[in-house]
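As the structure is a prediction and not an experimental result, all values here were calculated from the model. Per chain, numbering begins at 1; letters A, B, ... match sequence-line order.
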Number of protein chains: 2
Amino acid sequence: MTASPSASRDMASSRVFDTLKQDLIRGRFAAGEKLAISALKDHYQVGLSPLREALNRLAAYGLLEQVNQRGFRVPAMHLEELDDIAGLRVQLECMALTQAFQAGDSEWESQVLAAHHRLRRADEHPERVEEWEQAHLRFHRALLASCGSHWLLRFIEQLHDQFDRYRRLAPPNPAVRKVLDRQHGELVELALSRDIAAARALLDDHIRLSHSVARGCCESPASGDNT
Amino acid sequence: MTASPSASRDMASSRVFDTLKQDLIRGRFAAGEKLAISALKDHYQVGLSPLREALNRLAAYGLLEQVNQRGFRVPAMHLEELDDIAGLRVQLECMALTQAFQAGDSEWESQVLAAHHRLRRADEHPERVEEWEQAHLRFHRALLASCGSHWLLRFIEQLHDQFDRYRRLAPPNPAVRKVLDRQHGELVELALSRDIAAARALLDDHIRLSHSVARGCCESPASGDNT
DNA sequence: CATCTCAATAAAATCGATTTTTTTACTAAA
DNA sequence: TTTAGTAAAAAAATCGATTTTATTGAGATG
């Protein structure tokens, strides 16, 4: 099943935005690293203008920093910032979850079930990491989608991307993954039964678990600087 | 009092970003309006590249929308979105207020007092609207500054900008202004006495009052179009 | 009279080259 | 040995022109 039927081709700046965004989240660049524009130009096979437009959008989004006349750099990573991001995720996602449970209709339930099914299927191929990652992101999106607040969902998405920068530093851990997957299933059940209190507690645990894993990995290698 | 001493001049893209951002918040463009790039180029006296970079940043920030090969347009305004923004402002700013009161030190108290003083001074010149607007923004920033969460402050700032797009549609109302100003003074007192519960209730009222004023203005004139 | 096609026009997106600024490397003085 | 100073090199930012895509309107067709 492909995306949209009359999918008019995106412009170059959007394409490079998407791929560069993924590369930043996946940690293909070191924290604090300065991006060499001409190297990016070669690597992503785009011209200067679309590349610079993408870099500007990513800087406004918070995945890059623009220094006055000194180009773009990958933001440094700090344990405190990870704590900040995780703490806010708990607050905002629990808020959205409550509203989603209150406003969700049967179409929402269907989408949550469908997303969960795809997540379980993706789990069957442990070698295809990115497919699971995408299914995971979409499951959490589906869970909160009916909350009714465009801006809340936007901020949650942004925090999720920032969180992933840290989480992806940690090596995959099957034991943790197993717990997280069980929690996904429980979240689906609680969504169907509209048990807000239990679901909030579970989502809180869910995020904190990922947080502590990422934290353990982020703690060790001191500060990130490699010019 | 000027800004920084060795202020190295910003690049053109940043300058046009700032002024265009203000113009968008101040409602100099109609909601839904399509921006003619060459006209902007003439108006802001910049080249195409810096202008497009600024437009891309504003789109990522949410003050513009980019349509695939059809350029940039000012986002439409909807009553529901205003409600969403105001509701989230209440939630997030109360959250930040609590943390700010808990973590604020005497330096924070000083900055709040200073910002409040500047706000009262700005009030003495009702004709200089923009000075009051800036002092007002800075007062609310100072009040929450010590909350300790970079990302929470970032989202609050973004929501504030979005909210102002709606609020500024309403004509100035001296009676409302008087109430808001009294609330600012009360917020300062509650900050000094660290009365979290009372301050949260007051900030809630404060935002809801602005919200209802903006709402009243947003309801009447159907959709905005004035080319 | 409405609808469709296709050229003409306008606008957006992109490219290649130029200008400006920063960084580096080298030299000379303290 | 360190500190300034300065010229060369590199990189970022910007400009002007080209390419691509969308929009418009006249004429043809049902």
Side-chain angles (χ1 to χ4, degrees), chain A residues 3-21 23-24 29-30 32-76 225-227, chain B residues 3-21 23-24 29-30 32-61 63-76 225 227:
Chain A
S4 44
S6 63
S8 63
R9 198 163 57 265
D10 277 341
M11 21 184 211
S13 65
S14 298
R15 262 182 295 120
V16 69
F17 173 87
D18 288 336
T19 58
L20 192 48
K21 177 181 168 183
D23 286 347
L24 286 164
F29 302 93
E33 177 183 349
K34 183 184 167 183
L35 296 184
I37 295 197
S38 59
L40 295 179
K41 199 169 76 79
D42 298 342
H43 181 36
Y44 293 103
Q45 295 284 324
V46 285
L48 209 61
S49 310
L51 175 61
R52 285 191 61 89
E53 291 184 15
L55 293 172
N56 273 279
R57 280 198 256 172
L58 286 165
Y61 189 68
L63 281 171
L64 283 178
E65 284 172 357
Q66 187 165 23
V67 197
N68 208 337
Q69 307 265 32
R70 243 156 283 185
F72 297 85
R73 57 178 61 250
V74 181
D225 279 278
N226 32 337
T227 323
Chain B
S4 44
S6 64
S8 64
R9 198 163 58 267
D10 276 340
M11 25 184 208
S13 65
S14 298
R15 262 184 295 121
V16 69
F17 173 87
D18 288 336
T19 56
L20 193 47
K21 177 180 169 184
D23 287 347
L24 285 164
F29 302 94
E33 178 182 348
K34 183 184 165 182
L35 295 184
I37 295 197
S38 59
L40 295 180
K41 200 170 75 77
D42 298 340
H43 182 35
Y44 294 102
Q45 295 284 326
V46 284
L48 210 60
S49 309
L51 175 61
R52 284 191 63 87
E53 291 185 14
L55 292 171
N56 273 279
R57 281 199 253 171
L58 286 165
Y61 189 69
L63 280 171
L64 283 178
E65 284 172 358
Q66 188 166 24
V67 198
N68 208 337
Q69 308 265 29
R70 243 156 285 183
F72 298 85
R73 58 178 61 252
V74 181
D225 278 279
T227 325

Looking only at non-hydrogen atoms, find the nearest pair between B:Ser13 and B:Ala54 and report the distance.
O-CB, 3.7 Å
Determine the minimum heavy-atom distance between B:Leu24 and B:Leu63, stating which atoms define it.
CD1-O, 3.7 Å
dist B:Leu20:CG -> B:His43:NE2 (nearest 0.5 Å) comes out at 9.0 Å
Please round to the nearest 0.5 Å and tell me the distance separating atom CD of B:Gln69 and atom OG of A:Ser14.
8.5 Å
The criterion is salt bridge (charged side-chain N to carboxylate O under 4.0 Å, His left out); which residues satisfy it with B:Arg52, sequence neighbours excluded?
A:Glu53
Separation of C:dA11 C1' from B:Arg70 CZ (nearest whole Å)
12 Å
Under 4.0 Å from any atom of DNA chain D, heavy atoms only: list the residues of residues 49-65 of chain A that qualify, in numerical order.
A:Arg52
Which atom of B:Ala59 lies closest to which atom of B:Phe72, heavy atoms considered:
CB-CE2, 4.3 Å
For DNA chain C, find the residues of residues 40-48 of chain A with a heavy-atom distance under 4.0 Å and give them by number; none if there aren't any.
A:Gly47, A:Leu48
Please give, in whole Å, the distance from D:dT20 C1' to A:Asp10 CG?
15 Å
For A:Asp23, check side-chain contact (heavy atoms from CB on, under 4.5 Å) against everything at least two apart and list the hits.
A:Arg28, A:Phe29, A:Tyr44
Name each donor-acceptor pair under 3.5 Å that joins a side chain in residues 34-42 of chain B to protein atoms two or more places apart or in another chain, with its distance.
none

Measure the spacing between CG of A:Leu64 and CD of A:Glu33 and express it to the nearest 0.5 Å.
10.5 Å
Indicate the atoms forming the closest heavy-atom contact of B:Val16 with B:Thr19, along with that distance.
O-OG1, 3.3 Å
Could you check how far CG of A:Asn68 sits from C1' of D:dA13, rounded to whole Å?
11 Å
Supply the atom-to-atom distance B:Asp10 CG to B:Arg15 CZ, rounded to the nearest 0.5 angstrom.
7.5 Å
Tell me the interatomic distance from A:Leu35, atom CG, to D:dA10, atom P, rounded to whole angstroms.
20 Å
Tell me which residues in residues 11-21 of chain B put a heavy atom below 4.0 Å from DNA chain D, sorted by number, or none.
B:Met11, B:Ala12, B:Ser13
When you match A:Phe72 and B:Lys34 each to their closest nucleotide on DNA chain D, which lands nearer the 5' end?
A:Phe72
Across all chains, not counting sequence neighbours, the side-chain contact (heavy atoms from CB on, under 4.5 Å) partners of A:Glu65 are A:Arg73, A:Pro75
Atom CD1 of A:Ile37 to atom C1' of C:dT14: distance rounded to whole Å?
16 Å
Table of protein N/O atoms under 3.5 Å from nucleotides 18-21 of chain C N/O atoms:
| residue | atom | partner | partner atom | Å |
| --- | --- | --- | --- | --- |
| C:dT21 | OP1 | B:Arg9 | NH2 | 3.4 |

